[in-house]
Amino acid sequence: MPDVITLHASDSRSTAKIAPGFGFNAFSFQADCNGRLVDVLDADPAFPAPELRPSGHGIPLLFPYPNRIRGGRYLWDGQEYHLPEGQVLYDRTGNAIHGFCVDRPWRVISVGTDFVTAEFQLSRDSPERRHLWPADFRLTATYRLRGATLGFGLTIDNPEGVPLPWGFGTHAYFRVPLDAASRVGGCLIQVPVSTQWQLDACLPSGETRRLPAELAELPVGEYLDVLKLDDVFTGVAGDSDGWTRTIVMDEQAGVQVEQRFGPEFEHIVLFTPPNRSAVCIEPYTCVTDAVHLPAEISGWRVLPPGECCRLAIDLTVSPVIA
């Protein structure tokens, strides 16, 4: 398996780099925006390197739970499960974090000039973790590059005879500013949310509140230099076509990155990593620690035996229209 697969758009100078052996992470997307190349994603120059944190670069893929599970323990169908530290990823406060496939190799099953498809099945690609989850699962993901758009599609299959509990999210690190001549103070984000989860040590209490005054302008644009975020939001508003759009905008450079995703993504995590020129806008199908919250508010899902679910996220770079 190659360490890196580079995609080239057939209709532009756009390129993308994917690391199949490191969580099938798209860690570089250089978009051709009207003849101008824009670096969209933030990653360490050494990525993919085994000593680097797998969830800290590019676009990590988080499944079967995005973000945290409290204490690495949960109850499902009357059985208690323990996710041992050292066998899965943990945060600094004793919670399992970011699922089973972000730090494991995926198998490339098809590749062309402008696309790549890979598969990850828990029982096959990380069999040491199979007993940690109530059901096996198979993920089939495709990146496709066209014009100034990097498209991502995911199919989730349940190959077992028992229900599969699950949540999915991405953890994209968007570079800011989007041009070397710009500054972070001239960059803003637009995120169409109306409600914020109340957190205790990064874990939801189960209660939500309206956006506080300092974040009230998120749906129309908040400047990044005044934001310090590690928060979870819901009340996600889609457009008339049912798709939700978030935007990272560099006013000085006159370019923006639009992230577009479907109505299955009912929660969004916003994170401004410290000591780093990046912002994370993370669409999730469920909230953090959803397995411990009522499904009707958490977004926690169950896939019946033999069924599948399809999700999509697109990134598009375009000029800012005044």
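Quick note: residue numbers are just sequence positions, from 1.
Counting only heavy atoms from C-beta outward, the side chains of V38 and D179 never approach each other to under 4.5 Å. Taking the side chain as every heavy atom from C-beta outward, R260 and D241 approach each other to under 4.5 Å. The shortest distance between side-chain heavy atoms of L270 and I281 falls below 4.5 Å. Contact of the T316 side chain with the V257 side chain is not registered, since no non-hydrogen atoms from C-beta on lie closer than 4.5 Å. Contact check for F22 versus D3: no side-chain heavy atoms found under the 4.5 Å cut-off. Contact annotation: the side chain of L61 never approaches that of N25 to less than 4.5 Å [non-hydrogen atoms, C-beta and beyond]. Here the side chains of S277 and R175 are not in contact, with every heavy-atom distance at 4.5 Å or above. Contact annotation: the side chain of T140 never approaches that of C308 to less than 4.5 Å [non-hydrogen atoms, C-beta and beyond].
Atom CG of D239 has more than 12 heavy atoms from other residues, nucleotides or ligands within 6.0 Å. For CZ of R310, the number of neighbouring non-hydrogen atoms (other residues, nucleotides, ligands) closer than 6.0 Å is 12 at most. The number of heavy atoms from other shown groups lying within 6.0 Å of CZ (R183) does not exceed 12.
A donor-acceptor pair under 3.5 Å is formed between the side chain of R13 and the backbone N or O of G35.
Distance check, rounded to the nearest 0.5 Å: CZ of F261 to CH2 of W243 gives 10.0 Å. Atoms OH and CZ, from Y81 and R73 in turn, are 14.0 Å apart once rounded to the nearest 0.5 Å. Expressed to the nearest 0.5 Å, how far CH2 of W166 lies from CD1 of I156 amounts to 4.0 Å. With values rounded to the nearest 0.5 angstrom, E160 atom CD is found 5.0 Å from D136 atom CG.
Cluster annotation: L311 and L150 are assigned to the same hydrophobic cluster (Ile/Leu/Val/Met/Phe/Trp/Tyr, side-chain heavy-atom contacts under 4.5 Å, transitive).
Salt bridge status for D250 with R36: absent, with no side-chain N to carboxylate O gap under 4.0 Å. The pair E214-K228 does not meet the salt-bridge criterion, since no charged nitrogen lies less than 4.0 angstrom from a carboxylate oxygen. D125 and R104 are not joined by a salt bridge, as no carboxylate oxygen comes within less than 4.0 angstrom of a charged side-chain nitrogen.
Results of the ring-ring contact (aromatic ring centres under 6.0 Å, His included) test with H171 over F174, Y173, F168 single out Y173 as the only residue that passes. Among L229, V184, V176, the one residue that satisfies the side-chain contact (heavy atoms from CB on, under 4.5 Å) test with T272 is L229.
The aromatic rings of F100 and F137 sit parallel to each other, their planes meeting at less than 30°, with 60° as the upper class boundary.
T93 and D91 are linked by a side-chain donor-acceptor pair at a separation below 3.5 angstrom, with hydrogens and angles left out of the test. If you check the side chains of T246 and Q259, you find a donor sitting under 3.5 Å from an acceptor.
Scanning both residues, A135 and L122, for their nearest heavy atoms gives O-CD2, 4.2 Å.
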